[in-house]
Structures are given as C-alpha cells and as structure tokens.
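Lettering of chains follows the sequences in order, A, B, ..., and the numbering in each one begins at 1.
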Protein chains: 2
Amino acid sequence: MSPAAGIVDVCAALGDPTRWQVLERLGSGPASASRLATELPVTRQAIARHLEVLADCGLVERERVGREVRYRVVGSALTTAARRLDAMAEAWDRRLERLRDLAERE
Amino acid sequence: MSPAAGIVDVCAALGDPTRWQVLERLGSGPASASRLATELPVTRQAIARHLEVLADCGLVERERVGREVRYRVVGSALTTAARRLDAMAEAWDRRLERLRDLAERE
DNA sequence: TCGATGTGCAACACGATTGTTGCACACAGC
DNA sequence: GCTGTGTGCAACAATCGTGTTGCACATCGA
C-alpha cells in the first residue's frame, strides 16, 4: 500500500496554477484547446500539453467532435484522489496517536 | 472561490515521489533529516529541502529537540486538502450534470 | 475550390527542480 | 579540550517543466 500508484501523478498535475485554470474553466463546461486558448493567457500549444498531462492521469477526458477535440473534467478522478489522501491522513494520524499513547504510558 | 489558495502548493509538494517517501516514513513516526537520510537513497541536504517544501505548505511540522530538528507529519493538512478537492469535484459534477440536463431538454 | 479554423509535431529558450559535494558551525558526551 | 553527530549555507551540474514560435496537415463551410 505504499505509493498508491497514480496519486503522485494526479498531485503533480494539480500542482500547476495554469492547469487549475484549465480545470476550473472546464468545470463550467467542455471546451477544446483552441477555445481555452482564447480565454486563458497562454498559447494553444501550451494548453494542449497541459490537457495531455491532465488526460494522462485521468482528470480530463477527450472526445472528438468533428474536427475538434473537446475536453471535459472527470470529477470522479478527483474524488478518488481526495479519498486516497484522506485515507492516508487518517492512517498517519492513528499511527502517530498510538505512538503518543505508548510514550505517555511509560 | 477560485484557486483555494494553498491547495496548489500542497499538490505540488505531493507531486514528487521522494517527498512521498519522506511523508510515508514520517507517517510511522517523527524523525530528523539526518535520520531520514540513512533510510532513504538521497543525501541529507536533498531531504532537508524536501522537508522545507513540505513544511512551507503545512504538511509537516518542525520541532527542535536538543540539537536536532525532528519532523512530524500533519495529517490534518492532508485531510483539509482532500476535503477541498472533494468539494471541487462535487461542484464540477453538479455543474456538468446541469448542463447535460439542459442539453437534453431541447 | 478556396479560405478559415482546429489540430499535431518539432525546435528552441529559460527558469525551476532535484540532486550532489564541500565546508563551517553548534553542541552533546567522552 | 576533543571527537562525533546534527544542522545550515553555498556552489554546482543535470534534468525537467513551461511556454514560445513556426510549419504542416486535416476538415468544415461558403
């Protein structure tokens, strides 16, 4: 149960401000890379790479619509990540509290 | 309610495998940078910087014990981050579902 | 057919990260 | 006082990440 696999990649993806801008924009409705580029202060190519990162770790989904590629947020991926983090926090808290109890018993 | 402040930094901190090793080790009990360096395959200085990153976003706490500095995991910080992510995921899901309903009504 | 729009790929610049080594300093214990 | 251990700081190398420009190609629509 060590690294919980993809959680590191998800966190790395969420560790960039521009990707948060992309995600929050997609949270209000699907859009293509070109569309996003008109609304955010970065070029389409930069956004395309951010979208690739987000898609690689499952935070967004691609969907071809004619000649354009539309991206949508995958809320469940974020929910899963949140649950994993919460479970780890709880486990750590329990272990440390047990240590504290042991120390105080002597 | 845009970037939720420190969540980006927390995620960035969690986006590095070595920092996960440090966190998981600290999850089994507090330790100093030198101690961690003997258990992980990186130098003390590298670990010290990772600990600084983790401390800056509240994921670990420093505590001086004599001449050494002990670090402990702060589970509540991780829990807070998890709750924020979960809340965002839920908000996005709700908004997208409302969009879907609107589209299907016409 | 032709132009406009959307995408894909490559090269490049630049700063940030990550890791190292080396040295200086503080302090606990002999 | 001296040695060992823990910390702090600085310099350095190498890689990665982010963003840019430029160009080629596909496709929708007039």
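A:Gln45 has its CD atom 11 Å from the P atom of C:dT7, to the nearest Å. Between the P atom of C:dG6 and the CG atom of A:Leu51 lies a distance of 15 Å, rounded to the nearest Å. Spacing between atom CD1 of A:Ile47 and atom P of D:dG17 amounts to 19 Å, rounded to whole angstrom units. Regarding A:Leu54, its CG atom lies at a distance of 14 Å from the C1' atom of D:dG17, rounded to whole Å. Rounded to an integer number of Å, the gap from A:Asp16 CG to C:dG15 C1' is 14 Å. We find that CG of B:Leu14 is positioned 16 Å from C1' of C:dT17, with the value rounded to whole Å. Counting to the nearest Å, the C1' atom of C:dC9 and the CZ atom of A:Arg44 are 10 Å from each other. Rounded to a whole Å, the CD atom of A:Glu52 is 14 Å from the P atom of D:dG19.
Each of D:dA11, C:dT5, D:dG19 was ranked by its minimum atom distance to the side chain of A:Arg67; first place goes to C:dT5. Here the nucleotide nearest the side chain of A:Ser34, chosen from C:dG19, D:dG8, C:dT7, is C:dT7. When distances are taken from the side chain of B:Val69 to each of D:dT7, C:dG19, C:dT7, the shortest belongs to D:dT7. The listed nucleotides are C:dA11, D:dG8, D:dA26; the one nearest the side chain of B:Arg62 is D:dG8.
The shortest distance between the side-chain N/O atoms of B:His50 and the OP1/OP2 oxygens of C:dG19 is below 4.0 Å. The shortest distance between the side-chain N/O atoms of A:Thr18 and the OP1/OP2 oxygens of D:dT18 is not below 4.0 Å. The phosphate of D:dT20 has OP1 or OP2 within less than 4.0 Å of a side-chain N or O from A:Thr43.
Here B:Arg35 lies out of heavy-atom contact (under 4.0 Å) with every strand. Looking at heavy-atom distances under 4.0 Å, A:Arg70 makes no contact with the nucleic acid at all.
Taking the charged nitrogens against the carboxylate oxygens, A:Arg70 and A:Glu68 do have a contact shorter than 4.0 Å, which makes a salt bridge.
No hydrogens or angles were tested; on distance alone, nothing pairs the side chain of B:Arg19 with the base of C:dT17 as donor and acceptor under 3.5 Å.
At least one donor-acceptor pair under 3.5 Å links the side chain of A:Arg19 to the backbone N or O of A:Ala13.
Between A:Ala46 and A:Gly66, the one whose closest nucleotide on DNA chain D sits nearer the 5' end is A:Ala46.
A:Leu78 is listed as a side-chain neighbour of A:Leu14, based on a closest heavy-atom distance under 4.5 Å. Looking only at side-chain heavy atoms (C-beta outward), B:Thr80 and B:Val10 stay at 4.5 Å or farther from each other.
Two different hydrophobic clusters hold A:Ile7 and B:Val74 under the rule that ILVMFWY side chains link at heavy-atom gaps under 4.5 Å.
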